[in-house]
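Read through the structure below, which is laid out as structure tokens, and then see the notes.
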There are 2 protein chains.
Amino acid sequence: MKQETDDIRQNRVPERDLDEMDRKLLGALCEDATVSYAELGEKVGLSAPAAHERVKRLRRSQAIRSTSVLIDPVAVNKPLLAFVHVDTRGWGKTPELMAISAYPEVEEIHSVAGDACMLLKVRARDTRALEGLLAKLYDTPGVMATRSYVVLSTYLERPVQPGSTTVWPMPSYMAQPIEHRRNVNAIAKAD
Amino acid sequence: MKQETDDIRQNRVPERDLDEMDRKLLGALCEDATVSYAELGEKVGLSAPAAHERVKRLRRSQAIRSTSVLIDPVAVNKPLLAFVHVDTRGWGKTPELMAISAYPEVEEIHSVAGDACMLLKVRARDTRALEGLLAKLYDTPGVMATRSYVVLSTYLERPVQPGSTTVWPMPSYMAQPIEHRRNVNAIAKAD
DNA sequence: CTTGTTGCGGAATGTCATTCCGCCATCATG
DNA sequence: CATGATGGCGGAATGACATTCCGCAACAAG
């Protein structure tokens, strides 16, 4: 009986963890999601219906969250990118703070460990728009201070990559931690 | 004669700046790029061929950089997200540093103004993989120090939004800067 | 060995992307 | 004001492709 586990993963699709073929599909779709299933299958070594079936499964299991267009920030008049660290009194994630997600300038909101409570990724038209957002932040109860890191140049910006680095080049002077000798936390299969 | 301006914008498509209809198209495609052109046109109030034509133009002009799938980080076994501030001696953007973009864990590399030189967005399997990347960083010539902000929870994460906030709610005690009284830097048309 | 399950490939069909063409609005020009 | 050019839109036609169906093979369970 596997009935006992079914109520644990509530609204989670069965989701057998993905194999190498799924990764290749994700990688290809990450680069260009407009390809036909015929081309996609050809890239990964699969027939069109097979590729389609797997992609459909990846969508159902929410491994593929959505398909979206990547917009040039300059084209939509948002050349200014900044990361804003927010110090808050007490727990940062208040409804008042979350309200700023209504502004399309705000692209990311994270709570972080470190000397900042919340971290925002903001993309705006100019410094004045950024100032407007900061003013809005300082008007939010609990916000103590902000530190903004204005981006001068972006050298790399890409969506989540399906691949992982399996072996990191460790410098010679750094010993391998004991608990990882046999790589106990490695990906379960197919690596 | 408008010949004289043609050699200025070199490999830039004519690119008349986008109107309200383009923004609506971008917004719809941002949410879901799998919709048919018929649905897309219906959403924005356009026929299928007209919508197709405009989207084609948006792609040509690179306002739409690419179409991609958004992958669930957990599904590809990368639950750990961190922002890494890198202090460098001298100018940060060296070929050696840029080499880390080969790691699929690195999603963004920016140079920033503030007390950090470079800012990295890193998504890894576990703390050990993050350590591996940090070790790689410290092995890079010119890297002085790093500060990592490990994300505890992500409350918002979305691609570049086509919209912009036109009027920011200024707190009453903050005066309007003189040079912006007539909103000189506003979007050229259609706002 | 038998049986059920799962994933794949080939063929068929319906949907949709893509093109063509005529219409209309806008704008520049006479 | 009149007129021609331009650009963008909508309707219809066609071709490509997504999607489904079905048979087959590999594999696991009984």
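Every chain is numbered from 1, with letters handed out A, B, ... down the list of sequences.
- Looking only at atom types and distance, the side chain of B/Arg59 has no donor-acceptor partner in the side chain of B/Ser66 under 3.5 Å away.
- Atom CG of B/Asp22 is separated from atom P of D/dG8 by 10 Å (rounded to the nearest Å).
- What separates CG of B/Asp19 from P of D/dG8 is a distance of 10 Å, to the nearest Å.
- Contacts between residues 28-40 of chain B and DNA chain D, defined by a heavy-atom separation under 4.0 Å, are absent.
- Connection of A/Val160 to A/Leu119 is not established within any shared hydrophobic cluster, with ILVMFWY side chains joined at heavy-atom distances below 4.5 Å, either directly or through further cluster members.
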Exercise. Give the intermediate values and the outcome of ring-ring contact (aromatic ring centres under 6.0 Å, His included) for residues B/His110 and A/Phe83.
Key: CA-CA 10 Å; B/His110 313 275; A/Phe83 292 88; 5.3 Å; yes
With a 3.5 Å cut-off and sequence neighbours excluded, list the donor-acceptor pairs that the side chains of residues 45-55 of chain B form with protein atoms.
residue, atom, partner, partner atom, Å
B/Ser47, OG, B/Ala50, N, 3.3
B/Arg54, NE, B/Asp22, OD1, 3.2
B/Arg54, NH2, B/Asp19, OD1, 2.7
B/Arg54, NH2, B/Asp19, OD2, 2.5

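- Considering only side-chain atoms of B/Leu46, the nucleotide from D/dA18, C/dG7, D/dC9 that sits closest is D/dC9.
- The B/Pro49 side chain lies nearest to C/dT19 when the options are D/dC9, C/dT19, D/dT20.
- Straight-line distance from the CZ atom of A/Arg54 to the P atom of C/dC8: 4 Å, rounded to whole Å.
- Counting only N and O atoms by type, the side chains of B/Ser68 and A/Glu31 include no donor and acceptor under 3.5 Å apart.
- What separates NE2 of B/His52 from C1' of D/dT14 is a distance of 15 Å, to the nearest Å.
- In this structure, OH on A/Tyr155 lies 14.5 Å from CD on B/Glu108, to the nearest 0.5 angstrom.
- Atoms CD (A/Glu53) and C1' (D/dC24) sit 16 Å apart, rounded to a whole Å.
- The interatomic distance linking B/Lys56 (NZ) with C/dT18 (C1') rounds to 7 Å, in whole Å.
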